[in-house]
Amino acid sequence: MFDLISQYEPILVYDYGNARKLCELTAAKQNDYAMMDSLRHLKDEDVLVLLNDLLEQYGYDFTDYSFASVKRRLQRVYSAGRFPSFAEFRYRVKSDPDYLIYLMEQITVNVTEMFRDPHFFELLRKQVLPVLATYPLIRIWHAGCSTGEEVYSMAILLNELNLLHKSVIYATDINESVLEKARKGIFPLQHMQQYSQNYMASGGQQEFSGYYAANYEYAKFSERLREKIIFAAHNLVTDHSFNEFQLIICRNVLIYFNKDLQDKVLHLFSDSLEQLGFLALGAKETLRFTTVAPLFKPFANREKIWRKIST
């Protein structure tokens with residue numbers, strides 16, 4: 001018995017030594033991962049350098065956007081890419097056009113859905129669009145339209161009020177890749193149930209499924225809706241007014257701008273609106289305490305709609 005134990009004793013000691021070495025290696029790897037994770041956190045100065053690159057090389061000006069918001073989105077992209085250093089991340093942005101498109105999409109895309117906030121669209125249906133019905137031609141600007149869900153929602157409203165034939169919807173965004181998606185009018189079929197519920201809650205009058213054709217996992221919206229929409233690139237920060245509108249909708253975009261940029265964009269909207277035109281903003285956005293506030297009067301406080309009363 002003694003000999004049997006002695007025979008295996010060196011093996012037990014050897015295994016214990018290996019286990020200790022394995023633990024030491026694991027701890028070292030964990031330290032390396034922790035160090036890499038700490039390196040993957042962008043510093044404020046890194047963000048400023050990258051924003052300057054985007055402005056100087058590509059003309060995209062994010063310097064007056066909410067810094068915390070932009071940093072948060074850049075950090076998400078940087079961490080997901082698992083870059084070993086900020087320098088490599090910066091090089092990728094400056095040298096890879098496809099990656100730039102991806103980065104822009106991550107910075108600028110806003111969460112959206114068809115008939116989002118149904119009460120807002122119900123108010124448009126019942127109170128705003130009947131006023132616009134008196135115009136011979138209705139011009140509507142969706143600024144920051146993202147992938148276009150709310151734009152198609154507007155086209156459906158106009159169709160049901162028999163106004164689509166004399167309307168033009170201008171849908172703009174800084175992001176070319178989301179505009180391309182919006183032009184196609186193709187959205188995941190799995191979202192249609194929620195969109196249909198939103199539509200009915202907003203006062204929808206027809207079968208929502210009649211507005212699109214289901215094709216495998218996607219829903220393609222009617223060409224009749226799309227032919228009244230003009231999708232175009234427009235930068236709210238650097239571009240100017242390009243037409244005169246009776247209704248401008250820009251929801252949940254200004255919250256990403258600082259106060260100075262908000263004022264600048266709101267002046268752009270004011271200059272682009274006809275007298276007594278309507279301006280609609282997002283639920284967390286307001287004209288209060290802005291320099292354009294005296295030019296507007298509230299039309300529906302809850303749904304953040306104002307009417308232009310002065311120039």
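Every heavy atom of this structure was used, including side-chain atoms; hydrogens, water molecules and symmetry mates were not. As the structure is a prediction and not an experimental result, all values here were calculated from the model. One-based numbering along the sequence shown.
Scored by the ring pair (Phe, Tyr, Trp, His ring centres under 6.0 Å) test, Trp306 finds no partners at all (sequence neighbours excluded).
Without hydrogens or angle criteria, Ser69 side chain to Ser66 main chain gives no donor-acceptor distance under 3.5 Å. Not one N or O on the side chain of Arg139 forms a donor-acceptor pair closer than 3.5 Å with the backbone of Ile169. Side-chain N or O atoms of Asn175 include one that pairs as donor or acceptor with a backbone N or O of Met104 at under 3.5 Å. The backbone N or O of Ile255 lies less than 3.5 Å from a partner atom in the side chain of Glu285, making a donor-acceptor pair. Distance alone, capped at 3.5 Å, places no donor-acceptor pair between the Asp117 side chain and the His119 backbone. Here the side chain of Lys304 pairs no donor or acceptor atom with the backbone of Leu281 at under 3.5 angstrom.
Under the 4.5 Å side-chain heavy-atom criterion for Ile, Leu, Val, Met, Phe, Trp and Tyr, Phe89 and Tyr60 are members of the same hydrophobic cluster. Connection of Tyr91 to Leu42 is not established within any shared hydrophobic cluster, with ILVMFWY side chains joined at heavy-atom distances below 4.5 Å, either directly or through further cluster members. In the hydrophobic cluster analysis, where Ile, Leu, Val, Met, Phe, Trp and Tyr join through side-chain heavy atoms closer than 4.5 angstrom, Ile309 is grouped apart from Ile305. In terms of hydrophobic clustering, with Ile, Leu, Val, Met, Phe, Trp and Tyr side chains grouped at heavy-atom distances under 4.5 Å, Leu123 and Ile248 are assigned to different clusters. By the rule that hydrophobic residues join a cluster once side-chain heavy atoms approach within less than 4.5 Å of another member, Leu179 and Ile186 end up as members of separate clusters.
Between the CD1 atom in Ile101 and the CD atom in Glu180 there is a gap of 10.5 Å [rounded to 0.5 Å]. In this structure, NZ on Lys184 lies 12.5 Å from OG1 on Thr147, to the nearest 0.5 angstrom.
Within the 4.5 Å cutoff, side-chain heavy atoms of Met192 are placed close to those of Tyr212.
Within a 6.0 Å radius of CD in Glu207, no more than 12 heavy atoms belonging to other residues, nucleotides or ligands are found. Around atom CD of Glu217, no more than 12 heavy atoms belonging to other residues, nucleotides or ligands sit under 6.0 Å away. Within a 6.0 Å sphere centred on CD of Glu45, heavy atoms belonging to other residues, nucleotides or ligands number more than 12.
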Practice prompt. Test side chain to side chain contact (heavy atoms under 4.5 Å, CB included) on Thr172 and Phe242 and set out the steps.
Written response: CA-CA 11 Å; Thr172 66; Phe242 59 93; 4.1 Å; yes
Worksheet entry | Residue pair Ile229, Tyr170: steps toward the side chain to side chain contact (heavy atoms under 4.5 Å, CB included) verdict | CA-CA 6 Å; Ile229 305 170; Tyr170 296 83; over 6 Å; no
Item to complete: Evaluate side chain to side chain contact (heavy atoms under 4.5 Å, CB included) for Met114 paired with Asn198, printing each intermediate quantity in order.
Response: CA-CA 7 Å; Met114 295 195 73; Asn198 291 352; 5.8 Å; no
Practice prompt. May I have the step-by-step check of side chain to side chain contact (heavy atoms under 4.5 Å, CB included) for Lys94 and Gln57, ending in yes or no?
Written response: CA-CA 8 Å; Lys94 295 181 71 173; Gln57 187 165 340; 3.3 Å; yes
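The minimum heavy-atom distance between Tyr195 and Glu113, with the atom names listed, is CE2-CB, 3.3 Å. Of all heavy-atom pairs between Val253 and Ala143, the closest is CG2-O, 4.2 Å. Of all heavy-atom pairs between Lys220 and Arg226, the closest is CE-NH2, 3.4 Å. Between Leu132 and Gln246, the shortest heavy-atom distance links the atoms CD2-CB, 3.6 Å.
A cation-pi arrangement, defined by a distance under 6.0 Å to the six-membered ring centre and an angle within 45 degrees of its axis, is present between Arg73 and Tyr256.
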Only pairs under 3.5 Å count here: list side-chain donor-acceptor contacts from residues 150-168, not counting sequence neighbours, and write none if there are none.
| from | atom 1 | to | atom 2 | distance (Å) |
| --- | --- | --- | --- | --- |
| Glu150 | OE1 | Arg251 | NH1 | 2.9 |
| Glu150 | OE2 | Thr112 | OG1 | 3.4 |
| Tyr152 | OH | Ala182 | O | 2.7 |
| Tyr152 | OH | Gly185 | N | 3.4 |
| Ser153 | OG | Phe115 | N | 2.9 |
| Ser153 | OG | Glu149 | O | 2.8 |
| Asn159 | OD1 | Arg224 | NH1 | 2.4 |
| Asn159 | OD1 | Arg224 | NH2 | 3.3 |
| Asn159 | ND2 | Tyr211 | OH | 3.4 |
| Glu160 | OE1 | Arg125 | NH1 | 3.0 |
| Glu160 | OE1 | Arg125 | NH2 | 3.2 |
| Glu160 | OE1 | Gln205 | N | 3.2 |
| Glu160 | OE2 | Tyr199 | OH | 2.3 |
| Glu160 | OE2 | Tyr211 | OH | 2.7 |
| His165 | ND1 | Asn162 | O | 3.4 |
| Lys166 | NZ | Ala133 | O | 2.7 |
| Lys166 | NZ | Tyr135 | O | 2.6 |
| Ser167 | OG | Leu163 | O | 2.6 |

Enumerate donor-acceptor pairs with a distance under 3.5 Å from any side-chain N or O in residues 261-272 to protein atoms, sequence neighbours excluded.
| from | atom 1 | to | atom 2 | distance (Å) |
| --- | --- | --- | --- | --- |
| Gln262 | NE2 | Leu254 | O | 3.0 |
| Gln262 | NE2 | Phe257 | O | 3.0 |
| Asp263 | OD1 | Thr291 | N | 3.4 |
| Asp263 | OD2 | Lys259 | NZ | 3.3 |
| Lys264 | NZ | Val237 | O | 2.7 |
| His267 | NE2 | Thr291 | OG1 | 2.8 |
| Ser272 | OG | Ser241 | OG | 2.8 |
| Ser272 | OG | Leu268 | O | 2.8 |

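Aromatic ring orientation, Tyr99 versus Tyr102: tilted (interplanar angle from 30° to 60°). The aromatic rings of Tyr78 and Phe86 lie perpendicular to each other, with more than 60° between the two planes, well past the 30° mark.
Classification of Lys126 and Glu122 as a salt-bridged pair holds, one side-chain N sitting under 4.0 Å from a carboxylate O.
Across Trp141, Phe245, Phe299, a single residue satisfies ring pair (Phe, Tyr, Trp, His ring centres under 6.0 Å) together with Phe278, and that is Phe299.
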